[in-house]
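Since the structure comes first, as structure tokens, the remarks are kept for the end.
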Amino acid sequence: MARRPLPRILSNGTAQIARSRELARTAADSATDVLHPLITITRGLRRLASAGRRRWADTPKDKRGPLLFLVASVILVVVLVPYGPLLAAITLMAAAAWQGRDRTPPAPEGPDESQTQRLQSLYEALVPYFSAAEDPAPLFAHGGDWEKAFPAYEFDGGGRISHLVVRYPAYFTDGEADSRARIEQLLTAKSGRSREYHFTWDEEGNQLTIGVLAPLPTDIAAQRFVTAPGETVLGFTDPTQVHRTLPLTHGEEQRDVPPVVWRTGVRSTEPNLLVMGQPGSGTSTLLRSIALQALQYGDVLIVEGGGTGEYACLTGRDGVLAVECGLAGALASLEWAAQETERRLIAANRARQSGHPAPDDTRHPLWIILDRPSAFAHVATADGYQDPQSLLQVPLRHGRAANVTVVVADQFDCADTLSDAVRQHTRARVVLGPATPTQLEAVLGAPPHTTPIAQIPPGRGYARLGNGPVHRLQVPATPDPYDDATNDAHRQAVLALLPPRTTPADAAETMPTEVVPAEAAVEAAVAESS
């Protein structure tokens, strides 16, 4: 039976509706323009009537009689005079048109004196960078006209520049990072250092656009995010950087915030994550947030090198295989993780060769979270044992096919102790806390298009997923609920996300049966060496 085509009203109905709306909007604008005098006179008559009622209400009662007699006399005279009613109607319409005029004060055209002085000083500061002696008609010159160089500008309530478009000559080396960095540093200093600026270089049009970024929200607590399996929310960024928002709960309010979503799994192009930062910058907070989200769909293995008990709240919880803080436990846990990755790969390969789907235990996500592995590297070197990072080669190289994800966090002062496998196979990068432009570019692989601020809140930094753009990032507040200095609301939010504890805390330090022999062997080796 031949397929009948859809009626035209259904096939192109959307275009017709849009065209009808545009026609209706155009007709409404035209009618407003045509009826503008009538609207003005009607508004004026309403204002005159209101003024008459106020005058009548303010007149004392003993004087209202003479006032009525005076009004009646004027009306009688107007009626008796030749062409009196016509002249009275014209006078009334003129008065109504005058009273009904738009009294909104016109917006000032151009900047005021202080704004002009600020733009002129900025123009003079850019002259050494955007001028050349052999230029016959320089765009930037001392004492020149800044209006040609700044075609668009905006100021905030404090009189500081909030948006600026700079035209620069074509011979400026805007393709060199050092040249752009000098201009960005100068504009930041002249416009105010206490704000964050976003720079957009249009190399084809020889224009630079500067915009002031609003501060990222720091009051978003940990919660269940509306994400699909394999999606992890690293934090939140600017609405202009991503095309997606998440509905969040903030007390009794609901709001939509643009997130930075990291996708893991078999189809991910950046299956592993590296987090770098300074002490107190919020790296452990980010790892706790990732662990709580990962426990929704998979198992988590945590190795903490700092030994501060940042993840004690996860000990013995459902889905948490272990929380290791010692060298022996870290070696045994990572050895088991490497063997488990190999087992998953072999099982999945055999299933594919037999024409069957992969077993369920190979599709169950496994997360390996390491916080400060450099601390173990120093201890292992001193005691003559292998670096625990050497056991990450298999999960890092082949973990994507086995649904194994590795997250590593460390500090800048220990960056040289990271293994080559960690550097090469962590394509998702996050930098938290204060960092120099050199450090940002070394970790992220590209410099951010924003300027850092002096006072950075905890959990604030930058993120880059693979070869994508560099995003500003604010990690959701996920503190240690056992810390006495934690905000009570944030503590309750984290406790509400913790899985139930089915294993006693004192027995939760034991790994699964596959790891116990390896851990015993390591402890025996330590005992023999001592």
Side-chain angles (χ1 to χ4, degrees), residues 156-158 160 162-163 188 192-199 210-227 231-262 273 275 277-278 280-293 409 428-435 440 444 448-465 468-481 483 485-497:
D156 58 10
R160 296 189 299 177
S162 60
H163 176 76
T188 302
R193 296 181 180 272
S194 60
R195 300 181 296 174
E196 252 183 309
Y197 298 90
H198 182 268
F199 298 94
I210 305 101
V212 179
L213 298 175
L216 295 176
T218 59
D219 55 350
I220 300 177
Q223 54 191 281
R224 291 297 181 202
F225 302 116
V226 183
T227 56
E231 292 184 344
T232 303
V233 177
L234 299 179
F236 304 95
T237 185
D238 301 299
T240 58
Q241 296 292 321
V242 296
H243 303 285
R244 175 181 177 181
T245 58
L246 289 181
L248 301 180
T249 302
H250 179 63
E252 298 180 355
E253 299 179 357
Q254 295 283 341
R255 56 179 174 176
D256 295 337
V257 182
V260 178
V261 179
W262 172 40
L273 175 68
V275 183
Q278 301 287 356
S281 59
T283 56
S284 298
T285 298
L286 176 57
L287 264 59
R288 265 191 303 269
S289 176
I290 293 175
L292 291 176
Q293 297 180 63
R429 301 292 182 89
V430 172
V431 176
L432 298 179
L440 290 173
L444 301 176
H449 295 287
T450 60
T451 57
I453 54 178
Q455 300 295 330
I456 299 180
R460 177 71 174 77
Y462 298 92
R464 190 186 186 202
L465 305 179
V470 179
H471 300 282
R472 286 203 307 167
L473 182 71
Q474 178 62 50
V475 178
T478 316
D480 181 10
D483 188 1
T486 301
N487 181 280
D488 186 65
H490 293 167
R491 177 190 293 110
Q492 296 299 328
V494 175
L495 292 176
L497 297 178

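Worth knowing before you read on, the calculation uses all heavy atoms, side chains too, and leaves out hydrogens, waters and symmetry mates.
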**OP:** Begin with the C-alpha distance, continue with both residues' side-chain angles, and end with the deciding distance and a verdict on side-chain contact (heavy atoms from CB on, under 4.5 Å) for Arg472 and His198.
**Re:** CA-CA 10 Å; Arg472 286 203 307 167; His198 182 268; over 6 Å; no
Subject >> Closest contact, heavy atoms only, Leu292 versus Arg224 >> reply: O-NH1, 3.3 Å
Original post:
Checking Asp238 side chain against Thr240 main chain: does a donor-acceptor pair fall under 3.5 Å?
Top reply: no
Original post:
Do Ile290 and Leu273 pass the side-chain contact (heavy atoms from CB on, under 4.5 Å) test, and can you show the C-alpha distance, the side-chain angles, and the key distance before you say yes or no?
Top reply: CA-CA 11 Å; Ile290 293 175; Leu273 175 68; 3.6 Å; yes
Subject >> Interatomic distance, Trp262 atom CH2 to Gln293 atom CD [nearest 0.5 angstrom] >> reply: 10.5 Å
**OP:** Take Ile210 and His163, measure what side-chain contact (heavy atoms from CB on, under 4.5 Å) needs, and give me the verdict at the end.
**Re:** CA-CA 6 Å; Ile210 305 101; His163 176 76; over 6 Å; no
Original post:
Under 4.5 Å between any side-chain heavy atoms of Gln474 and Leu432, yes or no?
Top reply: no
Subject >> Given Thr218, Thr245, Ile220, Leu216, the one that forms side chain to side chain contact (heavy atoms under 4.5 Å, CB included) with Phe236 >> reply: Ile220
Original post:
Do you know the tightest heavy-atom contact between Asp219 and His490?
Top reply: O-NE2, 4.4 Å
**OP:** Rounded to the nearest 0.5 Å, what's the gap from CZ on Arg429 to CG on Leu444? Could you check?
**Re:** 8.0 Å
Original post:
For the atom pair OG1 (Thr285) and CG (Asp480), what is the distance rounded to the nearest 0.5 Å?
Top reply: 9.0 Å
Subject >> Electrostatic pair Arg244:Asp256 at N-O distance under 4.0 angstrom >> reply: no
Subject >> Nearest non-hydrogen partners of Glu231 and Val261, listed with the distance >> reply: CB-CG1, 3.7 Å
Subject >> Nearest heavy atoms of Pro479 and Val494, plus distance in Å >> reply: O-CG2, 3.7 Å
Subject >> Atom of Ala222, atom of Ala493 and distance for their closest heavy-atom approach >> reply: O-CB, 3.5 Å
**OP:** Using a strict cut-off of less than 4.0 Å between a Lys/Arg side-chain nitrogen and an Asp/Glu carboxylate oxygen, indicate whether Asp483 and Arg288 qualify as a salt bridge.
**Re:** no
Original post:
Is there a side-chain contact between Pro434 and Gln278 (heavy atoms, below 4.5 Å)?
Top reply: yes
Original post:
Just by distance, do the side chain of Gln223 and the backbone of Leu248 share a donor-acceptor pair under 3.5 Å?
Top reply: no
Original post:
If we only count heavy atoms from C-beta on, is the Leu213 to Tyr197 side-chain gap below 4.5 Å?
Top reply: no
Original post:
Which heavy atom in Gly235 sits nearest to a heavy atom in Leu473, and how many Å separate them?
Top reply: CA-CD1, 3.4 Å
**OP:** Kindly determine whether Tyr462 and Arg464 satisfy side chain to side chain donor-acceptor pair (under 3.5 Å), including the steps that lead there.
**Re:** CA-CA 7 Å; Tyr462 298 92; Arg464 190 186 186 202; over 6 Å; no
**OP:** Would you check if Leu440 and Val431 make a side-chain contact, meaning some heavy-atom pair closer than 4.5 Å?
**Re:** yes
**OP:** With rounding to the nearest 0.5 Å, note down the distance linking OG in Ser162 to CZ in Arg195.
**Re:** 7.0 Å
Subject >> Point-to-point distance, once rounded to the nearest 0.5 Å, from OG1 of Thr478 to CZ of Arg491 >> reply: 14.0 Å
**OP:** Before giving the answer on side-chain contact (heavy atoms from CB on, under 4.5 Å), spell out for Leu234 and Val475 the whole-Å C-alpha distance, their side-chain angles and the decisive distance to 0.1 Å.
**Re:** CA-CA 6 Å; Leu234 299 179; Val475 178; over 6 Å; no
Original post:
Is His449 atom NE2 crowded by more than 12 heavy atoms from other residues, nucleotides or ligands, each under 6.0 Å away?
Top reply: no
Original post:
Side-chain contact, heavy-atom cut-off 4.5 Å: Val233 with Pro476?
Top reply: no
Original post:
Given side chains that start at C-beta, do those of Val226 and Pro247 come closer than 4.5 Å, heavy atoms only?
Top reply: yes
**OP:** Return yes if some donor-acceptor pair links the side-chain N/O of Thr237 with the main-chain N/O of Val260 below 3.5 Å, else return no.
**Re:** no
